[in-house]
Amino acid sequence: QGPLVESGGGLVQAGGSLRLSCAASGFNQYAMGWFRQAPEKGRELVATINGDGAGAYYANSVKGRFTISRDNAKNAVYLQMDNLKPEDTAVYYCNAYYASSYQGQTPGNYWGQGTHVTVSS
């Protein structure tokens with residue numbers, strides 16, 4: 001499989017929207033997730049989606065605002081982020097887990113390089 005490559009980050013005002021993309025060639029059978037890491041903080045799970053795209057999980061902090069999806073025909077995973085808040089500011093990472101779904105909060109072994117999201121007040 002190829003590397004995981006994120007894109008779509010940027011600078012946005014509070015209340016705005018962004019859509020992150022993850023190129024994920026060769027990971028169609030993997031569960032996929034988005035994690036984020038803010039300055040001086042640890043990496044936290046944001047959302048995950050099953051290999052078949054049928055099930056998704058969201059952190060409470062983003063539930064109702066973010067939507068994870070995937071299009072295996074396009075080898076891509078997306079994170080639609082609406083009503084962004086300053087506390088969403090972080091580097092967002094695409095992650096792949098070698099199973100049909102994540103087991104608890106444990107990330108998979110495959111990571112992208114990250115894309116920066118900055119939300120201003």
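These figures come from a predicted structure and were not determined experimentally.
- With contacts defined as side-chain heavy-atom distances shorter than 4.5 Å, the pair L79/T67 does not qualify.
- Residues S101 and A31 approach most closely at CA-CB, 3.6 Å, considering heavy atoms.
- Under the side-chain hydrogen bond (donor to acceptor under 3.5 Å, both in side chains) criterion, no residue pair touches residues 111-121, with sequence neighbours excluded.
- In this model, a donor atom of one side chain and an acceptor atom of the other lie less than 3.5 Å apart for Q1 and Y30.
- Taking OG of S7 as the reference point, atom OH of Y92 lies at 15.0 Å (rounded to 0.5 Å).
- Under the 4.5 Å side-chain criterion, counting only non-hydrogen atoms from C-beta, R19 is not in contact with S17.
- Sequence neighbours left out, the pairs with a member in residues 61-79 that pass salt bridge (charged side-chain N to carboxylate O under 4.0 Å, His left out) are R65-D88.
- The side-chain hydrogen bond (donor to acceptor under 3.5 Å, both in side chains) pairs that include a residue from residues 45-56 number zero, where partners must be two or more places apart or lie in different chains.
- Taking both residues in full, the closest heavy atoms of L18 and G8 are given as CD2-O, 3.9 Å, listed atom of the first, atom of the second, then distance.
- Under the side-chain contact (heavy atoms from CB on, under 4.5 Å) criterion, E40 pairs with no residue, sequence neighbours left out.
- For F27 and Y110, the ring centers are positioned less than 6.0 Å apart.
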Working for side-chain hydrogen bond (donor to acceptor under 3.5 Å, both in side chains), residues N95 and Y102: CA-CA 11 Å; N95 178 259; Y102 281 74; 2.6 Å; yes
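- Tracing side-chain contacts under 4.5 Å through hydrophobic residues (I, L, V, M, F, W, Y), one never reaches W34 starting from V91; they form parts of separate clusters.
- Contact record, C22 with M32: SG-CE, 4.4 Å, taken as the closest heavy-atom pair.
- A donor-acceptor pair under 3.5 Å links the side-chain atoms of T89 to the main chain of V119, judged by distance alone.
- With sequence neighbours left out, the salt bridge (charged side-chain N to carboxylate O under 4.0 Å, His left out) criterion links R43 to no other residue.
- The shortest distance between side-chain heavy atoms of R36 and E44 falls below 4.5 Å.
- Pairing each heavy atom of N28 with each of N75, the nearest pair is OD1-OD1, 3.3 Å.
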task: Give the intermediate values and the outcome of side chain to side chain contact (heavy atoms under 4.5 Å, CB included) for residues E6 and Y93.
output: CA-CA 7 Å; E6 303 95 333; Y93 297 90; 3.9 Å; yes
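- A heavy-atom distance below 4.5 Å is found between the side chains of F66 and V46.
- For the pair V117 and M81, the minimum side-chain heavy-atom distance is below 4.5 Å.
- Contacts of Q105 classified as side chain to side chain donor-acceptor pair (under 3.5 Å), with partners at least two apart in sequence or in another chain: none.
- More than 12 heavy atoms of other residues, nucleotides or ligands sit less than 6.0 Å from atom CD of E87.
- Two residues are said to be in side-chain contact when any heavy atoms from C-beta on lie closer than 4.5 Å; L20 and V77 fail this criterion.
- Under the 4.5 Å side-chain heavy-atom criterion for grouping Ile, Leu, Val, Met, Phe, Trp and Tyr, V62 is connected to I49 within one hydrophobic cluster.
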